[in-house]
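Report on the following structure.
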Amino acid sequence: MLQKLLTFLMLIALALPVTAQQSGTDQIDYVELTEPFTTNYMGGDGRLHFLQIQVTLMTRGEIARQTVYDNKPLVRNQLAFFLFGQSEDVLRQSGSKEILRKQALAEVRQLLTKETGLAYGVEEILFTRFIIQ
């Protein structure tokens with residue numbers, strides 16, 4: 001009798017995470033900012049250089065995904081000013097892409113908190129293309 005009860009409880013425990021996962025509350029979604037961020041800038045060598053960054057936002061949950069999707073123009077604008085404001089020295093430093101990615105994530109979170117009250121719906125920012133010439 002005790003073994004049947006324990007078996008039953010274990011089956012319930014195993015089924016709970018599956019049920020929560022299927023509900024979609026923790027589902028990870030990706031919102032791609034479809035147009036890459038592209039600009040020219042004058043390098044320290046006096047020559048014109050090219051920067052192109054493609055960005056995808058990783059969200060968790062339907063509310064976060066929809067909030068980011070609804071605010072894409074605002075997010076793009078914030079990221080454009082942030083990315084294009086970086087100096088050549090920052091862009092070309094070793095490890096700068098990771099630092100830039102973390103700062104961009106903070107920028108987006110701050111913006112969404114201010115505009116919608118949603119702070120941590122954006123889990124990560126992914127640079128799916130990062131070209132400096």
| request: Can you measure from NZ (K97) to NZ (K102) and round to the nearest 0.5 angstrom? | output: 15.0 Å

| task | Starting at CD of Q86, measure out to CG of L91 and round the result to the nearest 0.5 Å. | result | 6.0 Å

| query | Would you say N77's side chain and P73's backbone share a donor-acceptor pair under 3.5 angstrom? | reply | no

| With the 4.5 Å side-chain cut-off for hydrophobic clustering, are F130 and L33 part of the same group? | yes

| remark: Value for CD1 (I28) from OH (Y30), rounded to nearest 0.5 Å, stands at 5.5 Å

| task | Look at atom OH of Y69 and say whether more than 12 heavy atoms of other residues, nucleotides or ligands are closer to it than 6.0 Å. | result | no

| field | Gap between atom CD1 of I53 and atom CG of L83 - 0.5 Å precision | value | 4.5 Å

| said: Grouping I, L, V, M, F, W and Y whenever their side-chain heavy atoms are under 4.5 Å apart, do F84 and F50 come out in a common cluster? | reply: no

| To the nearest 0.5 Å, how far apart are CG in L105 and CD in E123? | 9.0 Å

| query | Quick one: are V75 and L112 in side-chain contact, heavy atoms under 4.5 Å? | reply | yes

| query | With the threshold set at 4.0 Å, does a side-chain nitrogen-carboxylate oxygen contact exist between E35 and R76? | reply | no

| message | Nearest 0.5 angstrom please: F127 CZ to F37 CZ, how far? | response | 9.0 Å

| request: Quick one: do E124 and R101 satisfy side-chain contact (heavy atoms from CB on, under 4.5 Å)? Show the steps, please. | output: CA-CA 9 Å; E124 290 292 339; R101 190 188 65 75; 2.4 Å; yes

| said: Using a 6.0 Å cut-off, check whether atom NZ of K72 has over 12 heavy atoms from anything other than its own residue. | reply: yes

| For R92, what residues pass the salt bridge (charged side-chain N to carboxylate O under 4.0 Å, His left out) criterion, not counting sequence neighbours? | E88

| Same cluster for M58 and L111 if Ile/Leu/Val/Met/Phe/Trp/Tyr side chains link at under 4.5 Å? | no

| Considering residues at least two apart in sequence or located in another chain, which fulfil the side-chain contact (heavy atoms from CB on, under 4.5 Å) criterion with T128? | Q54, T56, L126

| task | Tell me, yes or no, whether the heavy-atom count around I131 atom CD1, taken from other residues, nucleotides or ligands under 6.0 Å, exceeds 12. | result | yes

| Which pairs pass side-chain hydrogen bond (donor to acceptor under 3.5 Å, both in side chains) with one or both residues in residues 42-52, sequence neighbours excluded? | T38-Q52, D45-H49, Q52-R129

| Which of these passes side-chain contact (heavy atoms from CB on, under 4.5 Å) with V68: T59, D29, L74? | T59

